[in-house]
**Q** 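I have a structure I would like to understand better, so I am pasting it below and will then ask my questions one at a time.
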2 protein chains.
Amino acid sequence: MILEKKRLFDAYAAKQGLRSTRQRDVILDIFLSTHEHLSVEELYLKVKASHPGIGQATVYRTLKLFVDAGLAREMTLPGGQTRYEHQLAGEHHDHLICTRCNRIVEFEDATIERLQHEIAQRHGFRLTGHKMQLCGICPACSAAEIQ
Amino acid sequence: MILEKKRLFDAYAAKQGLRSTRQRDVILDIFLSTHEHLSVEELYLKVKASHPGIGQATVYRTLKLFVDAGLAREMTLPGGQTRYEHQLAGEHHDHLICTRCNRIVEFEDATIERLQHEIAQRHGFRLTGHKMQLCGICPACSAAEIQ
DNA sequence: CAAACAAATGAAAATCATTTTCAGGACCGC
DNA sequence: GCGGTCCTGAAAATGATTTTCATTTGTTTG
């Protein structure tokens, strides 16, 4: 699966005439080795830990490439911070976000998915993407609150 | 309806022990006189037009009060810009956003609404809010594209 | 009604995330 | 290897928002 993503990026790079650089390889490896919804800063820190020479402008630039290449997805949380997560081809999931502890839980719902397309169609929109964020209090924080 | 919102804000102000100031009255009036999804900058310009003395820090501060008071809602668009819209008690609507021209169309869907609550419940979340943004190309931009 | 204190304001500075600039360094085709 | 171009890192620039702080303005009390 990691290999598949690397191939996806290589294909994109080839199509766009991008050069292959050590930095991009490193950032891709580290990005693929995570399973979280990373902020740029977080990824930058991980990268810097093993490769101190890499600057954060490069991390910013590279993450945008990943989005264009189709292997990452950008999400803007309430509060304005941007996070990146793996994009698995054809899979659409949405997020439950705990407003206390910022924990993010992913979910998928085919019915909502279908309704979204119907709504877009009804308004004449050609749908290219969507974001749904349900905000609330997670079980752990609910429990902690009672104490 | 405008009066009702003013009362809502007055109630909130009273509860919080906020003082009543000319600036807040002006900003509330102008905010209520619009029907758009305003950015802070846009509201600030409207305010400044009739009341040049009011600074943008005050507009920022006041909009946050409106959100807390429950009469406005904050939305973060992809790209990071924040917009504020009227929040009508009990009404939940979501947005179709044209990624070409940034036009925003509102919609409501009771079925999705219900499914969202089911999903939250299934994960043990106590739902406090949600944002759903469907991104795509609006009919006008689609048409323009063909030219 | 005046005094007194706290809250609110405006302007400017500070902050934060992100983008751009630019000079040097690294890839790739030849 | 050579040369042009793309890529990179560091720092500066940007843009939105927040904070600071001196001043003004409500409110409360005597």
Side-chain angles (χ1 to χ4, degrees), chain A residues 9-31 37-69 72-85 102, chain B residues 9-10 12-31 37-69 72-84 102:
Chain A
F9 183 66
D10 286 347
Y12 174 79
K15 185 161 62 90
Q16 300 292 309
L18 301 180
R19 290 179 180 173
S20 119
T21 69
R22 190 180 51 82
Q23 289 89 335
R24 286 181 188 156
D25 290 346
V26 168
I27 296 171
L28 180 54
D29 276 342
I30 295 179
F31 177 70
H37 302 78
L38 290 167
S39 68
V40 184
E41 182 66 13
E42 285 163 359
L43 182 57
Y44 168 59
L45 290 177
K46 275 179 193 286
V47 167
K48 201 170 64 167
S50 54
H51 296 77
I54 296 181
Q56 58 178 335
T58 302
V59 177
Y60 272 97
R61 291 188 274 235
T62 307
L63 275 172
K64 288 202 180 303
L65 291 181
F66 293 171
V67 173
D68 289 344
R73 187 155 72 134
E74 206 180 275
M75 59 184 285
T76 312
L77 296 195
Q81 72 165 164
T82 303
R83 293 184 164 269
Y84 291 85
E85 61 177 351
N102 284 315
Chain B
F9 184 66
D10 286 347
Y12 173 80
K15 185 160 61 91
Q16 301 293 308
L18 302 180
R19 291 179 179 173
S20 118
T21 69
R22 191 179 51 82
Q23 289 88 335
R24 295 213 264 243
D25 289 347
V26 166
I27 295 171
L28 180 54
D29 275 342
I30 295 179
F31 177 69
H37 302 79
L38 289 167
S39 67
V40 184
E41 181 67 13
E42 284 162 0
L43 182 57
Y44 168 60
L45 290 177
K46 275 179 194 287
V47 167
K48 202 171 63 167
S50 52
H51 295 76
I54 297 180
Q56 59 179 335
T58 301
V59 177
Y60 272 97
R61 292 188 273 235
T62 306
L63 275 171
K64 289 204 181 301
L65 291 182
F66 292 172
V67 173
D68 290 343
R73 188 154 73 133
E74 205 180 276
M75 59 185 286
T76 312
L77 296 194
Q81 74 165 162
T82 303
R83 293 185 164 267
Y84 292 85
N102 284 313

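Below, chains carry the letters A, B, ... as their sequence lines are ordered, and counting in each starts from 1.
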**Q** If I take atom CG from residue Leu63(A) and atom CZ from residue Arg61(A), how far apart are they, to the nearest 0.5 angstrom?
**A** 12.0 Å
**Q** If you compare every side-chain N and O of Gln16(A) against the phosphate oxygens of dC6(D) (OP1, OP2), does one of them come in below 4.0 Å?
**A** no
**Q** Let me spell it out: for each of Glu41(B) and Gln23(B), pick the nucleotide of DNA chain D with the closest heavy atom. Which residue's pick is nearer the 5' end?
**A** Glu41(B)
**Q** What closest approach, in Å, do Thr58(A) and Thr62(A) show between heavy atoms, and which atom pair accounts for it?
**A** O-OG1, 2.6 Å
**Q** Report the distance from atom CD of Gln81(B) to atom P of dT17(D), rounded to the nearest whole Å.
**A** 8 Å
**Q** Measure the distance from NZ on Lys48(A) to P on dG9(D) and round it to the nearest whole Å.
**A** 12 Å
**Q** Choosing from dC7(D), dA10(D), dT18(C), which nucleotide comes nearest the side chain of Ala57(A)?
**A** dA10(D)
**Q** Could you tell me how far apart Ile54(A) (CD1) and dG9(D) (P) are, to the nearest whole angstrom?
**A** 6 Å
**Q** If you check the Arg19(A) side chain, which of dT18(D), dC6(D), dA8(C) turns out closest?
**A** dC6(D)
**Q** Mark yes or no for a side-chain to base donor-acceptor pair under 3.5 Å between Arg61(A) and dG9(D), with no hydrogen or angle criteria applied.
**A** yes
**Q** Take atom OH of Tyr60(B) and atom P of dG15(D), then tell me their distance rounded to the nearest Å.
**A** 13 Å
**Q** Nearest 0.5 Å please: distance from the CG atom of Leu28(A) over to the OG1 atom of Thr21(A).
**A** 10.5 Å
**Q** Does the ring center of Tyr84(B) lie less than 6.0 Å from the ring center of Phe66(B)?
**A** no
**Q** If you look at every strand shown and take non-hydrogen atoms under 4.0 Å, does Thr82(B) touch a base, only sugar-phosphate, or nothing?
**A** sugar-phosphate
**Q** Could you tell me whether Ser39(B) contacts a base, only the sugar-phosphate backbone, or nothing, with contacts defined as non-hydrogen atoms closer than 4.0 Å?
**A** nothing
**Q** In this structure, which one of Arg73(A), Glu42(A), Glu85(A) forms a side chain to side chain donor-acceptor pair (under 3.5 Å) with His37(A)?
**A** Glu85(A)
**Q** If you assign each of Thr21(A) and Tyr44(B) to its closest nucleotide in DNA chain C, which residue comes earlier from the 5' end?
**A** Tyr44(B)
**Q** Tell me what Gly53(B) touches on the nucleic acid: a base, only sugar-phosphate, or nothing, going by heavy atoms under 4.0 Å.
**A** sugar-phosphate
**Q** Rounded to the Å, how far apart are Glu42(A) CD and dA17(C) C1'?
**A** 14 Å
**Q** Return whichever of Gln56(A) or Gly17(A) has its heavy-atom-nearest nucleotide of DNA chain D closer to the 5' end.
**A** Gly17(A)
**Q** Which is true for Lys64(A) with a 4.0 Å heavy-atom rule: it touches a base, it touches only sugar-phosphate, or it touches nothing?
**A** sugar-phosphate
**Q** Arg24(B) CZ to dG26(D) C1': how many Å, rounded?
**A** 10 Å
**Q** Please report the distance, rounded to the nearest Å, between CG in Leu28(B) and P in dA8(C).
**A** 15 Å
**Q** How many Å lie between CZ on Arg22(A) and P on dG25(C), as a whole number?
**A** 14 Å
